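In this text the structure is predicted, and so the values were computed from the model without any measurement. Just so you know, ligand 1 is whichever comes first in the structure, and atom 1 is the first atom listed for that ligand.
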Amino acid sequence: MSTDPNCIFCKIVAGQIPAQKVHEDDALVVFHDINPWAPVHVLIVPKVHVASLAVAGPGHEPLLGRMLALAPRLMQQLGVTQGFRVVVNTGRDGGQEVDHLHMHVMGGPRPWARG
Ligand code: 5GP
Ligand code: ZN
């Protein structure tokens with residue numbers, strides 16, 4: 001599996017940096033964002049290093065499907081019942097800060113800190 005030794009999310013996947021994990025399976029890790037915008041704010045992160053959605057191709061369709069399909073199950077598990085937001089910041093103008101594909105999933109009662 002492709003990893004980048006300098007990537008912070010690869011380090012979280014490898015357990016080299018701690019994170020508040022809420023889910024892990026063969027392909028994905030999910031943990032709470034360190035700087036949450038909403039009462040519930042998690043990041044769905046593939047274990048494989050993919051730099052961004054911009055470089056995803058047809059070969060990534062199963063992975064992307066799994067990321068998206070996991071979101072409602074996670075929100076249910078985390079007690080979010082009134083809806084949630086899914087965001088994939090992509091590239092510089094897309095506001096992407098960590099160059100490892102990830103999906104923000106945010107929910108919980110408003111007002112939110114951001115978003
Ligand atoms: P981006 O702007 O790339 O979509 O968002 C990256 C997100 O990762 C930010 O919301 C930021 O708070 C979160 N983040 C960055 N470093 C860490 C970390 O070491 N641990 C956790 N849990 N979240 C992080
Ligand atoms: Zn990575």
| message | Give me the residue, atom name and distance of the protein heavy atom closest to atom 2 (O) of ligand 1. | response | Gly95 O, 2.9 Å

| query | Going by the order shown, which atoms of ligand 1 are within less than 4.0 Å of some heavy atom of His104? | reply | 1 (P), 4 (O), 5 (O), 7 (C), 10 (O)

| task | May I ask you to decide if Gly108's main-chain N or O and Trp112's side chain share a donor-acceptor pair within less than 3.5 Å? | result | yes

| Okay, side chain of Thr90, backbone of Val88: is any donor-acceptor separation there less than 3.5 Å? | yes

| said: Checking the N or O distance criterion of under 3.5 Å, is ligand 1 in contact with Leu43? | reply: no

| query | Taking Arg85 for the side chain and Gly107 for the main chain, is one N or O donor matched with an acceptor at less than 3.5 Å? | reply | no

| task | Could you please compute the angle at the Zn ion (ligand 2) from ND1 of His49 to SG of Cys7, rounded to 10°? | result | 110°

| Any donor-acceptor pair under 3.5 Å linking the side chain of His102 with the backbone of His100? | yes

| query | Should we say atom CZ of Arg92 is surrounded by more than 12 heavy atoms from elsewhere, each under 6.0 Å from it? | reply | no

| said: Does ligand 1 come near enough to Trp37 that some N or O of the ligand is less than 3.5 Å from an N or O of the residue? | reply: no

| Any idea which atoms of ligand 1 are less than 4.0 Å away from a heavy-atom of Ile8? | 19 (O)

| Hey, which atoms in ligand 1 end up nearer than 4.0 Å to a heavy atom of His102? | 1 (P), 3 (O), 4 (O), 5 (O), 6 (C)

| Close-contact set for ligand 1 against Asn35 heavy atoms, below 4.0 Å | 12 (O)

| task | Work out whether the distance between some heavy atom of Ala19 and some atom of ligand 1 is less than 4.0 Å. | result | no

| message | With heavy-atom distances below 4.0 Å as the criterion, list the atoms of ligand 1 near Asn89. | response | 1 (P), 2 (O), 4 (O)

| So is Val88 in contact with ligand 1, going by heavy-atom distances below 4.0 Å? | no

| remark: closest protein heavy atom to atom 22 (N) of ligand 1 is His32 O, 2.9 Å

| request: Count the heavy atoms belonging to other residues, nucleotides or ligands that lie under 6.0 Å from CD of Glu24, then report whether that count exceeds 12. | output: yes

| Taking atom types as modelled and ignoring hydrogens, do the side chains of His104 and His41 form a donor-acceptor contact shorter than 3.5 angstrom? | yes

| note | The residue among Leu63, Val48, Val13, Val45 that forms side-chain contact (heavy atoms from CB on, under 4.5 Å) with Leu28 is Leu63

| request: Identify, by atom number and element, the atoms of ligand 1 in contact range of Phe31, meaning under 4.0 Å from any of its heavy atoms. | output: 21 (C), 22 (N)

| request: Select the closest option to atom 7 (C) of ligand 1 among Asp33, Ile34, Ile17, Ile12, judged by heavy-atom distance. | output: Asp33

| Minimum heavy-atom distance between Gln96 and Ala51, given as atom pair plus value | NE2-O, 3.0 Å

| note | Among N, O or S atoms, His100 approaches the Zn ion (ligand 2) most closely through ND1

| task | Please determine if Asp26 and Arg66 form a salt bridge, counting it only when a charged side-chain N lies under 4.0 Å from a carboxylate O. | result | yes

| request: Note the single closest protein heavy atom to atom 15 (C) of ligand 1, along with its residue, its atom name and the distance in Å. | output: Val98 CG2, 4.0 Å

| message | side chain to side chain contact (heavy atoms under 4.5 Å, CB included) for Asn89 and Val98? Distances and angles first, verdict last. | response | CA-CA 9 Å; Asn89 296 324; Val98 176; over 6 Å; no

| said: To check your reading of the model: name the closest protein heavy atom to atom 3 (O) of ligand 1, its residue, and the distance in Å. | reply: Glu97 N, 2.6 Å

| Do any N/O atoms on Gln96 end up under 3.5 angstrom from N/O atoms on ligand 1? | no

| Where ligand 1 meets Phe9 - atom numbers and elements under 4.0 angstrom, heavy-atom basis | 8 (O)

| Atom CD of Gln16: over 12 foreign heavy atoms under 6.0 Å | yes

